[in-house]
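One structure is given here, and the rest of the page talks about it.
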Amino acid sequence: MNPIRSKICRYVLVSLIFLVTFSSISLAYIRHDAELDHQQFQTHAIIIANDTWALNRGGAKAYLELAIKANNYQYLKISLPGEEEFLRVASPPLDGISSTLYNFGLIGQKDLVEDILHEEQTIGTLHGRQYVRVIFPLLNILVFLLLLLLASTFTLYLFFNRNFLAIQIQERTKSLRESERRFHDLVNLLPEMVLETDLNGNIQYCNKLAKERLKFSLIEENPATLLQCITTEDQNKVNQHFQATLANQSPELQEFTAIDPRNRAFPMLMRSTPITHDGTIIGARFVIIDITERRRLEEQLLRDQKMKIIGLMAGGV
């Protein structure tokens, strides 16, 4: 598996475990809070039972006003048998941030109903509507955590993916540099001279042997041209060879006379091929063989053959 996906999967798994745990705790807390609200509402009904039996509006009203302030009720009312409303007390409208949350549905409401008993007889009913300030904040926190999970997962994916790409780039760069080093080492070990030029004949690259045997300065310090390495008599022929290469005519192996750093001429064989990039010719590559030693051996062989012929003729006479 991709290491990035593995890390993200572990992170998501841990986050899901956290969310499930948080949800379980939240639901347990909400259920416990609802039970407390119901028990508290029953207590209100028990306390105001005597005032309701005695039809004491003043005492019941005072208690209901205190209950509204202490328990976030929107209103409380007492109704007598036959749906007759005995007393109703309402809280002031919500203001500030509570009003904003209420308008957006982030503060809910729940209705509560409890019978008012006096000596085990129902003498009335207590109705109430309470603001719910627990469940919605918990749900909001849960939604926020889910969004945070998604955002952090995406951020981690980008972070790990960036690191993974950076590692890949480093490895490929290292491999490319190793390939370049190997190429230069192999080219420098060749017994032939290797040159590369642009379309104008300016030398762009040469191996170690070419720098030692041909007359031009180092490319990095003083760029040279191909014709500077050739004797005046052969420059026209080399130029024709170069133009034929750029025309992709693949000229055959040809012999020319080059100049070494000490201005001494020596024979060489040249083979060339065009350099292309995206299908366009951008220069030429030359392989040059120094045939000085071969010429010396040929001349020595010729002299030996002449001496042998002279010897045979003298023997015949």
Side-chain angles (χ1 to χ4, degrees), residues 177-277 279-317:
R177 289 177 179 175
E178 183 65 22
S179 299
E180 290 179 352
R181 184 195 62 78
R182 188 180 300 111
F183 166 77
H184 286 295
D185 291 344
L186 291 174
V187 172
N188 286 328
L189 289 173
L190 291 176
E192 295 85 11
M193 291 168 275
V194 180
L195 297 176
E196 289 184 354
T197 69
D198 58 14
L199 295 175
N200 297 320
N202 297 318
I203 298 176
Q204 303 296 312
Y205 171 79
C206 64
N207 66 350
K208 182 178 179 181
L209 183 60
K211 293 178 182 179
E212 294 174 352
R213 293 291 293 138
L214 298 177
K215 183 183 178 181
F216 56 82
S217 302
L218 295 176
I219 296 177
E220 294 81 0
E221 299 175 357
N222 185 18
T225 62
L226 177 64
L227 296 180
Q228 291 178 4
C229 312
I230 309 300
T231 59
T232 305
E233 294 78 9
D234 286 352
Q235 285 185 359
N236 188 36
K237 291 167 54 179
V238 170
N239 187 50
Q240 292 177 358
H241 183 93
F242 176 63
Q243 296 301 325
T245 302
L246 296 181
N248 202 17
Q249 295 178 3
S250 299
E252 297 297 331
L253 187 67
Q254 296 184 15
E255 181 178 338
F256 302 101
T257 304
I259 305 174
D260 66 10
R262 297 182 180 180
N263 290 324
R264 294 179 301 185
F266 66 92
M268 69 174 186
L269 292 176
M270 178 185 291
R271 181 68 181 270
S272 62
T273 183
I275 301 174
T276 60
H277 179 70
T280 302
I281 296 176
I282 61 173
R285 182 177 292 112
F286 299 88
V287 177
I288 301 172
I289 304 173
D290 185 355
I291 58 174
T292 302
E293 184 64 20
R294 190 174 78 174
R295 282 297 175 84
R296 186 184 66 80
L297 293 175
E298 289 177 352
E299 291 175 357
Q300 183 178 353
L301 179 61
L302 184 60
R303 287 196 302 268
D304 292 343
Q305 289 176 347
K306 287 181 180 180
M307 292 299 294
K308 183 177 182 180
I309 293 174
I310 293 173
L312 290 175
M313 291 178 62
V317 173

Query - Shortest non-hydrogen contact from G283 toward L246 - result: O-CD2, 3.8 Å
Query raised in the report: Can you tell which of H241, Q254, R285 makes a side chain to side chain donor-acceptor pair (under 3.5 Å) with S272?
Result: H241
Report summary line: Closest heavy-atom pair, A210 versus V194, reported as atoms and distance to 0.1 Å, is CB-O, 4.0 Å
Query raised in the report: T197 versus N202: any side-chain heavy-atom pair under 4.5 Å?
Result: no
Query - OG1 on T273 to CG on N248, rounded to 0.5 Å - result: 7.5 Å
Requested in this report: Rounded to the nearest 0.5 Å, what's the gap from OG1 on T231 to NZ on K237? Could you check?
Outcome: 8.5 Å
Query raised in the report: Can you name the closest pair of heavy atoms from D260 and R264 and give their distance?
Result: OD1-N, 2.6 Å
Query raised in the report: Hey, what's the ring geometry for Y205 with F183, parallel, tilted or perpendicular (30° and 60° as the breaks)?
Result: tilted
Query - Salt bridge present between R181 and E178 (N-O < 4.0 angstrom) - result: yes
Query raised in the report: Within the side chain of N188, is there an N or O that forms a donor-acceptor pair under 3.5 Å with the backbone of H184?
Result: yes
Report summary line: Heavy-atom nearest pair, M268 first then I291, reads N-CG1, 3.8 Å
Query raised in the report: How many angstroms lie between atom CZ of R295 and atom CG of L302, to the nearest 0.5 angstrom?
Result: 12.0 Å
Report task. In sequence, state the C-alpha distance, the side-chain angles, and the governing distance for I282 and Q204, and then conclude on side chain to side chain contact (heavy atoms under 4.5 Å, CB included). Result -> CA-CA 11 Å; I282 61 173; Q204 303 296 312; over 6 Å; no
Query raised in the report: Would you say C229 and V238 make side-chain contact, with heavy atoms under 4.5 Å?
Result: no
Query raised in the report: Any side-chain heavy-atom pair from L195 and L214 closer than 4.5 angstrom?
Result: yes
Query raised in the report: Is D234 reaching over with its side chain to a backbone N or O of T257, donor-acceptor style, under 3.5 angstrom?
Result: yes
Report summary line: Interatomic distance, CD@E255 vs CD1@I289, rounded to 0.5 Å, equals 11.0 Å
**Report entry** Close side-chain approach of D290 to L209, heavy-atom, < 4.5 Å
**Finding:** no
Query raised in the report: What distance do L269 atom CG and I288 atom CD1 have between them, rounded to the nearest 0.5 Å?
Result: 10.0 Å
Query - Side-chain donor/acceptor of Q235 to backbone N/O of L227, under 3.5 Å - result: yes
Query raised in the report: More than 12 heavy atoms of other residues, nucleotides or ligands under 6.0 Å from CZ of R177: is that the case?
Result: no
Requested in this report: Mind checking the CG-CG spacing from L186 to L190? Nearest 0.5 Å is all I need.
Outcome: 7.5 Å
Report summary line: Heavy-atom nearest pair, N263 first then I259, reads CA-CG2, 3.5 Å
Query raised in the report: What residue among E196, M270, E192 forms side chain to side chain contact (heavy atoms under 4.5 Å, CB included) with F286?
Result: M270
Query raised in the report: So, for F242 and A284, which heavy atoms are closest and what is the spacing to 0.1 Å?
Result: CE1-CB, 3.9 Å
